Amino acid sequence: MTNEEIKEYISTLAPAATFDETGEWLNILVEPTALKPLMSALRTGKMQMNYLFCLTCVDFKTHLTMVYHLSATTHRQSIVIKANLNRDAPVIETVCDIWRTAEFLEREVFEMFGVNFTNHPDLRKLILEDDFKGFPLRKDFEDPINMIKL
Amino acid sequence: MGAISLIALLIAAIAFSAGGILVGKILVKGSKNPQKGQAYECGIPTDSSPWHQFNVGYYLFALLFLIFDVELVFLYPWAVVVKKVGMVALIEIIVFIFILFMGFLYAHKKGALKWS
Amino acid sequence: MYNQTEILKDTSELGADGELVINMGPQHPATHGVLHLVVTLNGETIKKIEPHLGYIHRSIEKMCESLTYRQFIYVTSRMDYLSSHINNLGCALLVEKGMAIEVPDRAKYVRVILSELTRIASHELWLGAMAMDLGAFTPFFYAFREREMITDIMEDTCGARLTMNYIVPGGLMYDIHPDFQKKVKAFITQFKSKVTEYEDLVTNNVIFQSRTKGVGILTAEDAISYGCTGPVARASGVSCDIRKLYPYEVYDKVEFDEVLETAGDSFARYIVRVKEMNQSIRIIEQLIDNIPEGDFVGKTKNVLKLPKGEFYTRVETARGEFGVFVVSEGGTTPHRIKFRSPGFSNLSALNHIAAGSKIGDLMASMGTLDLVIPDIDR
Amino acid sequence: MFLKEYIADVVNGVSSLLKGMRKTGYYFVHPKEIITEQYPDNRATLLMSERFKGEVVMPHDAQNEHACTGCTACELACPNGTIKVVTKFEVSPEGKKKKAIDALVYRLELCTMCNLCVVACPSDAIKMAPNFEHSVFDRTKLTKVLNQPGSKIREGIE
Amino acid sequence: MFSLEGITTSVQDWLFMKFNPTMALAMECVIVILLAISLFAILGLVLVLMERKVAAHIQIRLGPNRVGPGGMFQTVADTLKLIMKEGLVPDMADKFLFNLAPFVVMMVGMLLLAPIAFAKNFQIWDINIGVLYISSVSSLSVIGILMAGWASNNKYSLLGAMRSGAQIVSYELSAGFAVLTIVVLTGSLQISEIVKAQENGWWIFKGHIPAIIAFVLYIIAVTAETNRAPFDLAEAESELTAGFHTEYSGMRFALFFLAEYINIFIVCAIGATLFFGGWMPLHIGNWAAFNHIMDYIPSSVWFMGKTFFLIFLIMWFRWTFPRLRVDQLLNLEWKYLLPISLFNLLLVAIIAILGWHF
């Protein structure tokens with residue numbers, strides 16, 4: 001499928017999506033509420049995006065952006081789905097019922113960025129201690145004891 | 001020496017073990033530390049005691065063993081005399097082992113030998 | 001005498017069927033590092049495995065945000081320390097891609113040869129450690145003898161045995177050692193003559209086979225869903241070799257097979273790795289005599305600045321697909337960097353493949369997933 | 001047939017085990033294959049690769065002169081803040097003020113041996129040395145001053 | 001030429017000549033105690049060193065080579081270290097059983113020494129049901145292990161002890177059947193009789209097929225019974241850290257460690273006695289000259305040589321094979337070894353009755 005076809009296809013699924021083709025792959029920015037249905041459709045629909053190879057979050061100081069790198073083992077086309085989240089109360093629906101690898105990746109994002117994944121079966125801290133305060137990978141995180149400023 | 005040697009050997013065992021532990025006790029001045037008393041579980045404090053009912057898998061083998069071990073003890077006197085008694089002993093033991101083997105096959109069929 | 005002992009506790013307070021929760025790790029001989037698994041057992045049967053991570057989490061991603069594009073490469077050596085060279089390569093490729101830096105052919109060839117040597121070294125270590133997990137101590141030493149030759153080659157050329165730090169954006173830090181080709185060839189002969197030992201001691205051993213065959217089965221569908229890559233996924237029949245799918249450096253010029261097995265059990269994962277070592281040897285043999293003369297490093301600017309945007313590269317490490325995702329704001333340091341580590345995804349499949357099997361099977365499943373803890377914790 | 005398979009199972013199993021035993025037995029009776037290096041004893045003959053990145057050193061020549069100008073390129077190149085260059089102003093006999101190093105502080109415990117400082121150095125004043133026996137009882141001893149006391153910058157290096 | 005032959009009788013005669021019978025018996029007991037203790041100590045040191053050297057050479061290493069010439073005193077140093085270590089007892093342990101367990105294990109090892117013929121006429125107690133005695137006493141060792149595992153109040157220990165319980169009792173059966181094979185051929189349970197029956201040929205040669213099968217079964221079974229790799233599930237390092245002795249430290253651990261090696265020695269000594277003729281020299285048919293030369297080698301050397309050969313075999317197994325899984329281990333016993341043992345017993349009975357053995 002060409003990028004145009006993908007754009008068209010996704011526009012039918014998520015009309016509010018915006019596209020960005022400057023990078024290596026097609027970037028699709030969607031509303032957080034529209035993410036889950038779009039993801040389900042991408043997995044089960046004609047795109048057959050069965051391989052989520054990277055799931056992460058980026059802190060842009062004004063907002064958080066969830067980044068999902070999707071690919072398919074059949075036609076090997078990759079797309080990037082993004083969703084901007086409110087920095088103060090980031091909430092997004094989980095995708096770990098679609099790709100099971102997301103379970104751990106979302107737990108990591110949860111503790112590092114404080115993004116709440118609704119309907120996640122087991123949203124606990126995976127890496128940090130349970131009583132850890134703060135979200136280390138956010139830009140405003142300060143730890144005067146363990147962080148050495150060069 | 002007769003059976004008294006067993007007592008001597010028992011004394012030897014106790015003396016050896018107790019001697020070793022006592023020498024250690026005398027030589028070593030241990031330090032107190034609450035962590036030393038903890039059970040080892042890869043550095044994580046244990047949360048529950050292992051003393052509770054345990055999976056039956058292990059016990060089945062113990063039960064089976066009991067049956068077979070008793071039969072084995074019966075075989076010892078037979079084994080001593082088998083050469084003298086001759087064919088009769090052989091036939092007897094074939095019958096005996098056949099019955100035993102049937103029991104074994106039954107246990108096998110019942111799945112008692114399969115680890116659950 | 002027994003008043004301190006409650007001989008049998010009421011089982012009701014311990015969960016159904018006398019379940020036993022046991023901590024494996026962080027100080028456990030089989031977890032090779034500080035992986036902490038909370039295992040729920042029923043007798044000998046595993047009901048659930050829950051990994052607890054973070055014992056050596058250093059937040060490399062955060063560290064990299066304050067390092068320049070020249071510096072951040074070397075931090076990644078310490079993630080998957082067994083494929084440190086390939087990690088470095090992945091980062092360097094990203095910088096080269098982002099800034100369109102031309103890399104001389106000589107550097108490309110050497111990078112690939114060293115990558116494959118690293119892969120063999122990693123698999124050798126894994127083979128020994130995995131056999132040791134299953135109770136066979138001796139193959140460990142045989143595997144290490146061959147691995148030692150590779151580390152010697154690395155020491156000669158890169159100056160380090162484990163964390164190579166040999167790659168700079170644009171090429172190599174310095175030229176290869178004059179003895180490099182000779183030593184690599186000596187290693188290939190040695191490896192080929194000794195590889196039958198693993199067959200005698202491990203592969204064909206009836207105990208080893210019965211310990212691994214049919215144990216920890218991961219279907220192709222699950223492997224994709226769990227994001228497994230590398231030998232773990234290839235043992236399930238998922239074609240996922242980055243070297244074949246998205247060739248980087250000179251992988252499109254060499255002939256090699258992507259090793260695929262279909263069984264998806266521990267034995268298949270074992271076989272895939274052993275065959276992969278042979279394929280790596282094949283790649284090295286094709287390249288070692290053809291290293292072109294020329295510069296070992298391309299021209300780069302003094303200060304590297306990635307243009308604003310998002311970049312993603314992936315390389316095939318010994319454990320699978322290693323991805324580097326960089327969000328650049330145009331400065332000298334990345335705004336956000338994310339390492340997609342193969343071990344993290346492979347670990348997430350552990351509960352799935354080991355639940356319902358015995359404790360002994362856990363060693364086989366965990367061993368063949370080839371977990372390197374710094375790679376998971378990052 | 002069941003019995004045939006059963007016997008074949010036993011035979012195959014035993015023969016695979018014997019093969020393994022033959023291999024280990026071979027090594028048991030061939031002590032020449034032993035690869036142990038008697039490390040502290042063979043220190044004299046131990047061959048370290050000259051490229052081995054063990055620690056950063058600053059070579060001094062016979063006149064106790066080094067090539068470091070104190071440009072802090074290494075300090076900037078270092079990812080971990082391992083190197084700290086302390087500069088001073090030296091007054092040459094002609095009365096000209098010249099920047100020179102007072103101390104090049106190197107903290108081995110922070111070093112990742114990435115070689116970036118050596119690459120960055122414009123005057124080849126520092127290099128990696130193949131020393132690997134770094135253990136000390138006190139970690140403050142790992143903080144080293146690389147320039148020798150009383151050393152000077154070599155003539156003609158800017 | 002030094003031999004232990006006849007020493008026992010001469011010592012006994014001398015004692016009874018000098019002292020009254022009670023006194024003499026007491027003196028004898030003291031001698032036995034001292035001998036047994038020193039044998040234990042020496043065996044422990046030698047076997048541990050041997051294990052480490054065998055392992056090292058198989059693994060293309062040198063092994064211990066720093067303490068003493070060729071590392072000979074390494075195990076002495078290790079023992080000293082273990083003595084100097086504090087013996088910790090977990091707070092939650094059943095302290096009585098925890099302390100008792102190493103004693104039980106040691107007692108079993110010690111009691112098994114009684115019927116072993118170390119050389120011609122050198123036997124502590126030539127009990128007339130020697131083989132049965134060995135079978136019964138050796139099965140007690142599982143109690144010590146279960147005790148240790150249970151009392152530690154540690155999950156690994158308990159799992160290890162449970163495994164070991166299931167394992168040892170299972171393999172006792174095929175060990176017993178293997179021993180029975182020789183009893184059938186000999187017609188006696190007495191160790192001295194069994195040895196004497198092999199005067200002109202060891203059972204492994206004389207009893208041909210069934211004896212060889214029995215020997216293989218015996219070696220496998222005793223490897224399992226002594227918790228050695230590939231059957232070391234009770235202390236499977238990669239699974240249960242150290243199994244039943246996880247919580248033991250210092251001298252108590254040393255006793256378990258020692259008991260393991262003593263047990264190996266004893267089962268190998270019994271194996272050597274049953275299948276390789278104990279202290280009997282190698283005699284081949286009617287080669288009189290050859291037999292005569294063989295007779296010059298002292299009987300104690302013959303005995304020790306055979307025993308250490310078997311010990312080496314067991315060590316060789318350990319450093320070659322991976323560990324079995326617990327269900328496979330029990331499968332091996334109940335699906336392979338036991339049926340084969342039963343069949344072999346019938347075979348040997350036929351051979352013994354028809355006199356087909358040599």
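Per chain, numbering begins at 1; letters A, B, ... match sequence-line order. A quick note: this is a predicted structure, and the numbers were derived from the prediction, not measured.
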Is the distance between the ring centroids of C:Phe208 and C:Tyr270 less than 6.0 Å?
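For C:Phe208 and C:Tyr270, the ring centres are under 6.0 Å apart.
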
Could you please spell out the steps behind the side-chain contact (heavy atoms from CB on, under 4.5 Å) verdict for E:Ile220 and E:Phe231?
CA-CA 9 Å; E:Ile220 295 173; E:Phe231 308 102; 3.7 Å; yes

Do C:Glu199 and C:Asn204 pair up side chain to side chain, a donor and an acceptor below 3.5 Å, judged on atom types alone?
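Side-chain D/A pair, C:Glu199 to C:Asn204: absent.
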
Can you check side chain to side chain donor-acceptor pair (under 3.5 Å) on C:Asp222 and C:Thr219, steps first, answer last?
CA-CA 5 Å; C:Asp222 285 335; C:Thr219 60; 3.1 Å; yes

Whether E:Arg163 and E:Asp232 form a salt bridge (side-chain N of Lys/Arg under 4.0 Å from carboxylate O of Asp/Glu) is what I want to check.
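A salt bridge is absent here (no side-chain N lies under 4.0 Å from a carboxylate O).
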
Going through the distances and angles, do C:Val215 and E:Arg325 end up as a side-chain contact (heavy atoms from CB on, under 4.5 Å)?
CA-CA 11 Å; C:Val215 169; E:Arg325 203 170 58 213; 3.5 Å; yes

Can you list the residues that meet the side chain to side chain donor-acceptor pair (under 3.5 Å) rule with E:Thr223, with sequence neighbours excluded?
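Counting only residues at least two positions away or on another chain, E:Thr223 forms no side chain to side chain donor-acceptor pair (under 3.5 Å).
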
Interchain contact, E:Gln328 with chain C, by part (heavy-atom threshold 4.5 Å):
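Only the side chain of E:Gln328 comes within 4.5 Å of chain C.
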
Is the distance between the ring centroids of E:Phe256 and E:Phe244 under 6.0 Å?
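So the answer is yes for these two rings.
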
May I ask you to list the residues in residues 311-324 of chain E that approach chain C closer than 4.5 angstrom, counting heavy atoms only, ordered by number?
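Contacts with chain C: E:Trp319, E:Thr320, E:Phe321, E:Pro322, E:Arg323, E:Leu324.
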
Identified side chain to side chain contact (heavy atoms under 4.5 Å, CB included) counterpart of E:Asn344 within the set E:Leu337, E:Ile213, E:Val216:
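The option that passes is E:Ile213.
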
Counting heavy-atom pairs under 4.5 Å with chain E, which one of C:Met132, C:Gln27, C:Arg211, C:Met363 comes out on top?
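Answer, by heavy-atom pair count under 4.5 Å with chain E: C:Arg211.
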
E:Glu86 and E:Ser249 side chains, donor-acceptor separation under 3.5 Å
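Distance-only check fails for E:Ser249 and E:Glu86.
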
In chain order, what residues pass the salt bridge (charged side-chain N to carboxylate O under 4.0 Å, His left out) check against C:Arg319, with sequence neighbours excluded?
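Per chain and number, C:Arg319 pairs via salt bridge (charged side-chain N to carboxylate O under 4.0 Å, His left out) with C:Asp80, C:Asp370.
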
Looking at chain E, which one of C:Ala364, C:Gly367, C:Ser210, C:Ala131 has the largest number of heavy-atom pairs inside 4.5 Å, strictly under?
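Option with the top pair count is C:Ser210.
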
If we define contacts as heavy-atom pairs under 4.5 Å, which of C:Leu134, C:Thr138, C:Asp133 has the most with chain E?
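Of the candidates given, the most pairs with chain E belong to C:Thr138.
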
Among residues 139-156 of chain C, which ones touch chain E with a heavy-atom distance under 4.5 Å?
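Counting heavy atoms that sit under 4.5 Å from chain E, the residues of residues 139-156 of chain C involved are C:Phe141, C:Tyr142, C:Arg145.
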
